[in-house]
Amino acid sequence: MASHEFRTPLTTVLSSANLIGKYTETDQQEAREKHINRIKKSVQNLTNILNDFLSLEKLESGAQKVNFNKMDVNELLQEIVEEMSQSVKNGQEIFLSGTAPAIQTDEHILKNILLNLISNASKYSSEGDKIEINIEHDKHLKIHIVDHGIGIPKSEQKKMFDRFFRAANATNIQGTGLGLNIVKKYADLLKGGISFTSTEGQGSTFTLSLPLS
């Protein structure tokens, strides 16, 4: 109910912001677009917060259903790259390398995991930085999300999957501290795992590992 009540006006605000952007016959258009972009960003942040809390509630109440079906991971990754390329920071590009075999998994949950990880890679990197998605497989399918952003302090890395935890160097960046906790729970549902390596000031690599069968 809360989700519905929040999303309806937020959708209206976003729609209005898009319409305002079409009125270009003014010498104040540059300033107008600046405020329009702020509205859009605020709406997206609020939506992300809602999604995090709703996802956590579904996971902890046992309401999250898992449907394993054979799927083409390459097709999904191409779709995600196209989708996320429109929402990453200015100048950031997403590079995809490697190919994945078809696997039995839940496409909706897998997409949520990857969207979360790529969104983080963008959020904690600077404009113009590249984001890489590297795929490899042996006994498991491994999808590596690589960024060259702020990284994670070594002393705090063991807490990164804790609920509501945020690293000290990320406190000025929008976020709930729920995303990676949710990703870990999702990975468990897919009978896989999530791990990472990171160096503060140099970037992070998050690896999603999924069984091939």
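- Taken together through direct or relayed side-chain contacts under 4.5 Å among Ile, Leu, Val, Met, Phe, Trp and Tyr, F68 and L110 form part of one hydrophobic cluster.
- Annotation: side chain to side chain donor-acceptor pair (under 3.5 Å) contacts of Q29 (sequence neighbours excluded): E33.
- Hydrophobic cluster of I150: the remaining members, joined at side-chain heavy-atom separations below 4.5 Å, are Y124, I173, listed by chain and number.
- Hydrophobic clustering keeps V43 apart from I36 (ILVMFWY residues linked when any side-chain heavy atoms are closer than 4.5 Å, directly or through intermediates).
- Applying the side-chain hydrogen bond (donor to acceptor under 3.5 Å, both in side chains) rule to pairs touching residues 69-86 yields E79-K111, E83-K111, sequence neighbours excluded.
- Taking CG of L14 as the reference point, atom OG1 of T47 lies at 7.5 Å (rounded to 0.5 Å).
- Listed here is the closest heavy atom pair of H137 and P101: CD2-CD, 3.5 Å.
- Here the side chain of Q157 pairs a donor or acceptor atom with the backbone of I152 at under 3.5 angstrom.
- In this view, D106 and V66, N67, H108, I109, L190 satisfy the side chain to side chain contact (heavy atoms under 4.5 Å, CB included) rule, not counting sequence neighbours.
- Between N169 and G151, the shortest heavy-atom contact is ND2-O, 3.0 Å.
- Going from atom CG of L96 over to atom CG of L77 covers 5.5 Å, rounded to the nearest 0.5 Å.
- Not a single donor-acceptor pair under 3.5 Å links the side chain of S55 to the backbone N or O of D52.
- When every heavy atom of A17 is checked against every heavy atom of K40, the shortest pair comes out as CB-CG, 4.4 Å.
- Atom-to-atom distance recorded for E132:CD and F95:CZ is 8.0 Å, nearest 0.5 angstrom.
- Pairs engaging residues 191-203 under the side-chain hydrogen bond (donor to acceptor under 3.5 Å, both in side chains) rule: S198-S204 [sequence neighbours left out].
- Listed by chain and residue number, P153 satisfy the side chain to side chain contact (heavy atoms under 4.5 Å, CB included) test with S155 (two or more places apart in sequence, or in another chain).
- Once rounded to the nearest 0.5 Å, the distance linking NE2 of H140 with CD1 of I103 reads 10.5 Å.
- Identified under the ring pair (Phe, Tyr, Trp, His ring centres under 6.0 Å) test for residues 189-213, with sequence neighbours left out: F161-F196, F196-F206.
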| request: Could you go through the side-chain contact (heavy atoms from CB on, under 4.5 Å) check for I135 and V73 one step at a time? | output: CA-CA 10 Å; I135 306 165; V73 179; 5.8 Å; no
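- The side-chain heavy atoms of I94 and I80, taken from C-beta on, include no pair separated by under 4.5 Å.
- Remark: K159 engages D162, F165 in a side chain to side chain contact (heavy atoms under 4.5 Å, CB included) (not counting sequence neighbours).
- In terms of heavy atoms, M160 sits closest to A167 at SD-CB, 4.4 Å.
- In the hydrophobic clustering of this structure, L59 groups with F164; members are Ile, Leu, Val, Met, Phe, Trp, Tyr whose side-chain heavy atoms approach within less than 4.5 Å, directly or through other members.
- Taking NE2 of H144 as the reference point, atom OG of S209 lies at 8.5 Å (rounded to 0.5 Å).
- Residues D147 and S125 share a closest heavy-atom pair of CB-OG, 3.5 Å.
- D129 places a side-chain N or O within donor-acceptor distance of the main-chain N or O of S126, the cut-off being under 3.5 Å.
- In this structure, I143 CD1 and L210 CG are separated by 6.0 Å, a value rounded to the nearest 0.5 Å.
- Applying the salt bridge (charged side-chain N to carboxylate O under 4.0 Å, His left out) criterion to R163, with sequence neighbours excluded, gives E60.
- Each side-chain hydrogen bond (donor to acceptor under 3.5 Å, both in side chains) pair with one or both residues in residues 89-100, not counting sequence neighbours, appears once here: Q92-S122, S97-N134.
- Checked against salt bridge (charged side-chain N to carboxylate O under 4.0 Å, His left out), K184 has the following partners two or more places apart in sequence or in another chain: D188.
- Taking the ring-ring contact (aromatic ring centres under 6.0 Å, His included) definition, one finds that Y186 meets it with nothing, sequence neighbours left out.
- No side-chain heavy atom of I182 sits less than 4.5 Å from a side-chain heavy atom of N112.
- Among I133, I131, T207, T205, the single residue meeting the side-chain contact (heavy atoms from CB on, under 4.5 Å) criterion with V146 is T205.
- The cluster map of Ile, Leu, Val, Met, Phe, Trp and Tyr, joined by side-chain heavy atoms under 4.5 Å apart, puts L212 and M71 in the same cluster.
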